[in-house]
Amino acid sequence: MTTTHARTTPPMISTGEATAILPTETTAPIKVIGTEAIRETFDDLCIQQAINSRTAPGVTDVVLNPDAHCGYGAPVGCVMVSPSHVYPGPVGVDIKCSMSLLQLDVPADVIEDRKTRRALIAAICKRTPTGAGKGQRSVPNGRRVNRTLGMQAVIEGASESVCEQLGIPSNWADRCEDSFHVGHDDTRDALASRLDWLTDQRHMTNFSDKMTQLGSYGGGNHFGECEVVEIGDDDRSKSVAETFGLRDGKVAFLSHCGSRGFGHNLASGQFKALQEKFSRWNIPLPAGDRQLVYAPLGSEEANHYLDDMALGANFATVNHLLINALVLEAFQEVIPGTTGDLVYFISHNIARKEIVNNVPSWVHRKGATRAFPGGHHALVGTPFAHTGHPILLPGNPRDGSAVMVADEGAEQSCFSVNHGAGRVLGRKQAKRTLDQSTIDSELEDHDILSNCRFYPKDEAPAAYKDFNEVLASVKKAGLASEVARLKARFVIKDASKADD
DNA sequence: ATGTCC
């Protein structure tokens, strides 16, 4: 269901970060994707952030997705389009936070045994650590990611050389939304010189060491999850699933992570630098919100941001592919002879250069997933030219996650859908109100194992919106169709703060 | 999201 949101009597809000009085007439409506039940989940600050984003300089389109909630400047769960400006805040602190899905040839009954699943959890955790500050442990072929290889990875992304050195199958690069990112001038040289400068500037902050965190999950909402694939009964789902490489009734592995401390350092450095310049040069902040600082394309500031975003994006890309290679290796250790292939790797925190309404623009997806349907010009030459690419949407362990494919209607949302269920309880609120034993026994009832002794309360299914209602919003709006559901069998998350 | 303020 789509509606347009155009407030005539906007609220005044104070967030501590921003105080904004909105103009009484917004310049153009914000497209809102959501059923009535979903629209009730948007709180005032979330709507306010969407309006702030819409009225910010150079912005031509804003879409609010059903999973939207408060973010940094712009809501998490929105799309913001500009042909003339880049906005670091609405890309976010975790540059190129993404989803990836690895399809294995293991039938579901092979992992029915809890001991096998426990062994898989141990084998995966041994290779791909979770938690803040935790770096990579080991890589295939016994090679470690040293600083030199880390630098090559963030400059080149998933190049043939980087993949070869890390034991990443070379054909996986074809299964990426973008397997590498280049600098503001479309060259790698720009990234190399920017990295030199950053390394020199930030040598006191262990900046270079963060590159060795390739192959790790981190914390928060990041996770690895073992799934059983359930392909939809209809002919289209079966046919699209075949193109995607999905295998009904077999095991798959879904991962959610981003650019770790490396991307965080780049993003927060940009926020700080731009906020200082706005202040020094007395430039008005969009809606008075310093989280919405921007840089006009062509400026030195925009060039630096685009270079930093590309470096962070390359980290996230190699990070995901390495994790998938390590997970495959773990499966092979526990279940000898296992084979697997990447289904897709797709981001939900990135700005991409795309054509919107015939205008080349930067499409900022902040907690939003690209959704190009079959026949889209940008998919020509990819395995998904005729079907549209896989859309990977994490839901929750109880209700499952989803693989979708875009429909023609996706054009109305700037070729974007949601990025998951979306938070409905804040972390503090979830920790205060949810009951630990209820969360753990619910997972136990579904026979879902975890590396956590106690599942983090602020990550419990109840802390998120109703995933089926979120998906219904996307389907009813004609944006995308469900191809398969992924049912969790075990979850790997950062357990270090679970008992807060 | 993040060695959760270098």
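Sequence lines set the chain letters: A, B, ... in the order given, protein chains first and strands last, and positions in each chain run from 1.
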(request) Measure from NE2 on A:H264 to P on B:dC5 and round the result to the nearest Å. (result) 8 Å

(request) Round to the nearest Å and state the distance from A:Y217 atom OH to B:dT2 atom C1'. (result) 19 Å

(request) Kindly write out the residues that satisfy side chain to side chain contact (heavy atoms under 4.5 Å, CB included) with A:H69, not counting sequence neighbours, or none if the list is empty. (result) A:V76, A:R423

(request) In whole angstrom, give the distance that lies between atom CZ of A:R427 and atom C1' of B:dT2. (result) 11 Å

(request) Using distance alone, with no hydrogens and no angle criterion, decide if A:H348 and A:H256 have a side-chain donor and acceptor under 3.5 Å apart. (result) yes

(request) Output yes when a side-chain donor or acceptor of A:S416 lies under 3.5 Å from a complementary backbone atom of A:C414, and no otherwise. (result) yes

(request) Starting at atom NE2 of A:H203, determine the distance to atom P of B:dC6, rounded to an integer number of angstrom. (result) 16 Å

(request) Using atom CG of A:N206 as one end and atom P of B:dT2 as the other, report the distance to the nearest whole Å. (result) 16 Å

(message) Any base atoms under 4.0 Å from A:G258, or only sugar-phosphate, or nothing? Heavy atoms, all strands.
(response) nothing

(message) For A:R489, is there any backbone N or O sitting under 3.5 Å from a side-chain donor or acceptor partner on A:R117?
(response) yes

(message) In whole Å, I'd like the distance from the CZ atom of A:F315 to the C1' atom of B:dT2.
(response) 12 Å

(request) Using atom CG of A:D209 as one end and atom P of B:dC6 as the other, report the distance to the nearest whole Å. (result) 15 Å

(message) Quick check for you: to the nearest 0.5 Å, what is the distance between A:T212 atom OG1 and A:M151 atom CE?
(response) 13.0 Å

(request) Could you pick out which residue, A:R260 or A:K272, lies toward the 5' side of DNA chain B when each is mapped onto its nearest nucleotide? (result) A:R260

(message) Please classify the nucleic acid contact of A:G263 as base, sugar-phosphate, or nothing, using heavy-atom distances under 4.0 Å.
(response) nothing

(request) Describe the nucleic acid contact of A:G92 in one word from base, sugar-phosphate, nothing, applying a heavy-atom distance below 4.0 Å. (result) nothing

(message) The criterion is side chain to side chain donor-acceptor pair (under 3.5 Å); which residues satisfy it with A:H181, sequence neighbours excluded?
(response) A:K96

(message) Below 4.0 angstrom, which residues in residues 145-156 of chain A have at least one non-hydrogen atom near DNA chain B?
(response) none

(message) So that I know where these two stand, are A:Y294 and A:F278 an aromatic pair - ring centroids less than 6.0 Å apart?
(response) yes

(message) Nearest whole Å is fine: how far is B:dC6 P from A:R202 CZ?
(response) 11 Å

